[in-house]
Protein chains: 2
Amino acid sequence: MKNYETEDKILDAATEIFQAKGLDGARMQEIAQKASINKAMLHYYYRGKEKLFQAVFKRTIQMIIPKMVQIISSDKPLFDKIRQFTDQYVSFILEHPYIPLFVINELEKHPDIIHSIIQTNINNGVREKLNKQINEMIQKGEIKPINPEQLFLNVLSMSIFPIMAQTSLRTILQKDKNEYRQLLEERKTFIADFIISAIKK
Amino acid sequence: MKNYETEDKILDAATEIFQAKGLDGARMQEIAQKASINKAMLHYYYRGKEKLFQAVFKRTIQMIIPKMVQIISSDKPLFDKIRQFTDQYVSFILEHPYIPLFVINELEKHPDIIHSIIQTNINNGVREKLNKQINEMIQKGEIKPINPEQLFLNVLSMSIFPIMAQTSLRTILQKDKNEYRQLLEERKTFIADFIISAIKK
DNA sequence: AAACGATTTAACCAAACGGTTAAACTGTAT
DNA sequence: ATACAGTTTAACCGTTTGGTTAAATCGTTT
C-alpha cells in the first residue's frame, strides 16, 4: 500500500523549499530533512528533482488560478467584482506572499519544465465573458471607454506587485514590516476605490 | 597595467548570465565562456562568484534607481511627472525587461549578499519632496485626497508588473509576443491617463 | 509464522561545481 | 637583452550535488 502520509509530507516540504529558494536554489537534502525522511524517498515517490518541482508548481498554480477565475466569473456587477477581487485576492496573496514571485520567476527561468502544466489551467470563456461585461458598461455609458485587457492588467498589477516586491519596496519606502503591512491592509479597499474612480463616468 | 577590457568583458558577460539565470542558476564556466576568457580570470578580477554577483547587482541598481529618482525629483507639475514617469520609465524597462524581476528576486532570495549595496542607493529627500507636492495639490483641491505612498505604489505597480510578469501574463491573456508588446506600448500613455483620471477632481 | 510486496534506510557514485595553483605569456622600463 | 610586474592559461582539487543501489524493515495475507 502506498504511504500517502509520506507522499504528502514530501510535497509539503518541497513546496516550502521550492517557493522560498526556487528550483535552482533548492537542495534535495534540505527537502528531505524538512520532511524528516531519507533523501532516497524523494526519488522513490517523485522520480527526481524536476518531477518533484513540477508537482509543486502544478499544485501552486491550482491554488492561485481557480481563486482568480472564481471571482472574475461570478455574475456580480463589475464594480462589485473589482471590490471583491482586490479585497479577496489581496487577502489571499497576503497569506501566501511567496507564491506570485515563485510562479513568475520559475515560469521565466524554466518555461520548458513548466510548459506542460500551464496550458491545462487556462480558461478561455472567463476572459471573454469579462470583456463582454466591460464593453456593455461602456456602451451604456456607465464607465469611460477602456481596453478591458488594460484594465485587467491594472487590477492585477496593483493587487500583486506591492506584495511580491515587498522586500524591495520596503527598502525604497524605508518602512519596517509592520508599517508596510499596514499599507498593504489599506490597499484591500484602496485599490478598488482608485480603479472605480478612474473608470466611472 | 590592469586590463580594463577584460574586466569589463567579464562584467558584461556576468550581467547577462546573472540577470537571465539568477545567482543560483548562473555558472562561472558559462560566464567565462560568454566573455571568451579562462574561468580563472573571474577569480583574478572579482575574487569569486559572490563578489562578481555583487558587482553586477550594484551596477544594475545604479541603472534603474537614478533613472527613477531623476524623473520624480524634477520641478514639473505632478501630472507632468506622472506622464513622464509612465512614458520614460516603461520605455526604459522595455529595453531592459530582465532587470525588475532580477532585482526583486535576488533581493528576496539573497538579502544578506545584497544588503551592503542597497542602502547606499536610497535617497530620502526625494520621497519627502514628492509627498509634499502631492499633499499641496490635495489642499488646493486639485486632486482627491490620497495617501502619496499608495499612489506611488500604484504608479510603480502598473508600470513594472506587466513587463516583469510578461511570460505569465502572456499565457493568461493568450497573446503572442507581438500582440503583448503592442499592449505594453499602449501602456506608455494609458497608465498616466488612468491615474490622472482616478485622482483628478 | 512464513512469505511477500511495499516502504525505508545507509552507503555509495559519477558528474558538476566553485575555486586554486604553478607555470607560461605579454608588454614595458632599464 | 634582461628583468620584472601584470596577465592569462591549463591542469588540478575538494566539496556538493542529484541520483542509485542493495539490504533492512514494515505490514498484510495466507
Q: To the nearest Å, how far apart are Tyr45(A) OH and dT9(C) P?
A: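 After rounding, the reported distance stands at 10 Å.
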Q: Can you tell me how far P of dT8(C) sits from CD of Glu7(A), to the nearest Å?
A: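 From Glu7(A) CD to dT8(C) P: 10 Å.
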Q: To the nearest Å, how far apart are Ile37(B) CD1 and dA10(D) C1'?
A: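 The answer, rounded to whole Å, is 14 Å.
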Q: Can you give me the N/O atom pairs linking the protein to nucleotides 19-22 of chain C at distances under 3.5 Å, or say none if there are none?
A:
unit_1, atom_1, unit_2, atom_2, d
dG19(C), OP2, His43(B), NE2, 3.2
dG19(C), OP2, Lys49(B), N, 2.8
dG19(C), O5', His43(B), NE2, 3.4
dG19(C), N7, Lys39(B), NZ, 2.6
dG19(C), O6, Lys39(B), NZ, 2.4

Q: Let me know the distance between CG of Leu42(A) and P of dT8(C), rounded to the nearest Å.
A: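 For the pair Leu42(A) CG and dT8(C) P, the rounded distance is 12 Å.
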Q: Output the rounded distance in Å from CD (Gln29(A)) to P (dC13(C)).
A: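 Answer to the nearest Å: 18 Å.
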Q: Which of these, Ile72(B), Asn131(B), Ile134(B), sits in a side chain to side chain contact (heavy atoms under 4.5 Å, CB included) with Phe152(B)?
A: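 Only one of Ile72(B), Asn131(B), Ile134(B) forms a side chain to side chain contact (heavy atoms under 4.5 Å, CB included) with Phe152(B), namely Ile72(B).
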Q: Rounded off to whole Å, could you give me the CD-to-C1' distance for the Glu5(A) and dT8(C) pair?
A: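 Whole-Å distance recorded here is 14 Å.
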Q: I'd like to know if Asp176(B) and Arg170(B) make a salt bridge, using a cut-off of under 4.0 Å between side-chain N and carboxylate O.
A: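 Result for this pair is no, no salt bridge flagged.
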Q: Can you name the nearest heavy-atom pair linking Pro100(A) to Ile93(A), along with the distance?
A: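 Here Pro100(A) and Ile93(A) meet closest at CG-CG2, 3.7 Å.
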Q: Verify, without hydrogens or angle tests, whether Tyr89(A) (side chain) and Ile64(A) (backbone) share a donor-acceptor contact under 3.5 angstrom.
A: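 Checked: pair present.
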Q: What I want to find out is whether Arg181(A) reaches Glu185(A) closely enough, with some N-O distance under 4.0 Å, to be called a salt bridge.
A: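 A salt bridge links Arg181(A) with Glu185(A).
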Q: Charged N to carboxylate O below 4.0 Å: is that the case for Asp12(B) and Arg59(B)?
A: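 The answer is yes: the pair qualifies as a salt bridge.
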Q: Return the set of residues passing side chain to side chain contact (heavy atoms under 4.5 Å, CB included) with Lys109(B) (not counting sequence neighbours), or none when no residue passes.
A: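 Expected list: Asn105(A), Asn105(B).
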Q: Tell me: CG of Asp24(A) to C1' of dG18(D), nearest whole Å?
A: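 In whole Å, dG18(D) C1' and Asp24(A) CG are 13 Å from each other.
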Q: Using a 4.0 Å heavy-atom cut-off across all strands, classify Ala32(A) as base, sugar-phosphate, or nothing.
A: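 Here Ala32(A) touches no strand at all.
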Q: Would you mind reading off the distance between Tyr46(B) atom OH and dG18(C) atom C1', rounded to a whole angstrom?
A: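 Going from OH in Tyr46(B) over to C1' in dG18(C) covers 18 Å.
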Q: OP1, OP2 of dG19(D) versus side-chain N and O of Tyr44(A): anything below 4.0 Å?
A: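 No, because none of the side-chain N or O atoms of Tyr44(A) sits under 4.0 Å from OP1 or OP2 of dG19(D).
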Q: Indicate whether OP1 or OP2 belonging to dG18(C) is found under 4.0 Å from a side-chain N or O atom of Arg27(B).
A: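 Yes.
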